[in-house]
Amino acid sequence: MLSRRLKALKAYKTETTQAKIKLSSNELPYELPGELRSLISQELSKAPLHRYPDPVSQELREVVGDFFGVPPDNIVLGNGSDELIYYLSIAVGEFNQGVYVPVPTFPMYEISADVLGRPKVCVQLDEKFDIDLEGSLESLNLQKAVLAYYSYPNNPTGNLFMRDRIEKLRDRGLFTVVDEAYYNYSGESFISDALTRDDTVVLRTLSKIGLAGIRVGLMIGREEVVEEINKVRLPFNITMPSQIIAKVVLTKGREFIKYSVDRVVAERERLFRELMGMEGVEVFPSRANFLLFRTPFRADEVHSGLVERGVLIRNMSYLPGLDRCLRVSVGKPQENEAFLEALHSTLRELA
Ligand SMILES: *Cc1c(COP(=O)(O)O)cnc(C)c1O
């Protein structure tokens, strides 16, 4: 009775190994400060939890809109941007029409297409991890697509794709989803397109700026697009605690977020230089809060060497074109130091 579409699929597996130092999920390494936590407790203790939450998250959309500089009517909130990726895969085009994904990238784009049984056009990135425009156009001639997903910057490679390649592909009739999960670290955006065009939306999330635990993501688009996505959206998809916590943090915690993001960016540059100087390590420039690097050894061996030394990062070598690659999230200075030491000693052991 269960769908044949699902038989061949596997449930999404994330890294759950325990370790003292966790640099595997691109979270913000800093905890919310005490004053913010007290404010959250106060607000939560007053919340009418026996009632359903606001189904349209009106107040939170206003706060999020103010934080990201867009009107609330141009926003749909999701239980993480992951949920919005599903909604977009349901809402754009028909299920027999293709989804274009430049790979290697964030797996949810493909997963949502697979679950719906949609055909995929996955095209390998070029040697600079940028979009292979010619290869993509050729592939799209063979298999048409109507929806495209771009992680911008790209997870896990860390780079920003060239803007005009995304635009040229869009000119071929692709509804364009620009996933700006790492916007606060890159500063580059397609928001002005999302607010003026019917074929472009932007995704953002609170997960990479200190609130991964409450699952709040957002889609930014024209009101006509927002209206359609709202037809797909589950009515109470943002829980009352999530609405309350996000409101407190995005109003009273702005300095904390800005300060933390600045520190992570500074640490990213330091970590990059340190990895550059490490023998045998090839590290790729990043505009996000993580770094991708390659070593001469098998990635699973490097990974377990680090776990033995109490540091958890992400093995990326299973993705196409990322042989021997791993991804490390930028942590607090002491965490990055511990990672560098653990990597150094692991590589020496493997050599
Ligand atoms: C981490 C990440 C997300 C996360 O989304 P949430 O569901 O909001 O936590 C989305 N897209 C990319 C590219 C990511 O790396």
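When a ligand or atom number is given, it counts from 1 through the structure's own listing order. All of these numbers come straight from a predicted model, not from anything done at the bench.
- Relative ring orientation between Y52 and F236 is described as parallel, the plane-to-plane angle staying below 30° on a 0-90° scale split at 30° and 60°.
- Looking at D82 against ligand 1, both its backbone and its side chain come within 4.0 Å, counting heavy atoms.
- For the atom pair F256 CZ and L28 CG, the distance stands at 5.0 Å (nearest 0.5 Å).
- Y109 and F106 have perpendicular rings, their planes meeting at more than 60° on a 0 to 90° scale where under 30° would count as parallel.
- Salt bridge status for K252 with E35: absent, with no side-chain N to carboxylate O gap under 4.0 Å.
- Considering only non-hydrogen protein atoms, atom 5 (O) of ligand 1 sits nearest to S81 OG, 2.9 Å.
- Between N155 and ligand 1, at least one pair of N/O atoms sits closer than 3.5 Å.
- Ligand-side atoms of ligand 1 in range of K208: 1 (C), 2 (C), 3 (C), 4 (C), 14 (C), 15 (O), range being under 4.0 angstrom from any heavy atom.
- The proximity of S207 to ligand 1, defined as any non-hydrogen pair under 4.0 Å, is limited to the side chain.
- Those atoms of ligand 1 with a heavy atom of Y182 less than 4.0 angstrom away are 1 (C), 14 (C), 15 (O).
- With respect to atom 11 (N) of ligand 1, the closest heavy atom belonging to the protein is D179 OD2, 2.6 Å.
- Within the 3.5 Å criterion, the main-chain N or O of K22 finds no donor-acceptor partner in the side chain of S24.
- Proximity of E83 to ligand 1, defined as any heavy-atom pair under 4.0 Å, is not found for any part of the residue.
- Separation of atoms CG (L218) and OG (S57) is listed at 11.0 Å; rounding is to 0.5 Å.
- Within the model, atoms CZ of R298 and CG of N315 stand 10.0 Å from one another, a figure rounded to the nearest 0.5 Å.
- When heavy-atom distances to ligand 1 are checked against a 4.0 Å cut-off, R215 comes that close only through its side chain, counted from C-beta outward.
- Listed by number with element, the atoms of ligand 1 under 4.0 angstrom from any heavy atom of Y109 are 13 (C).
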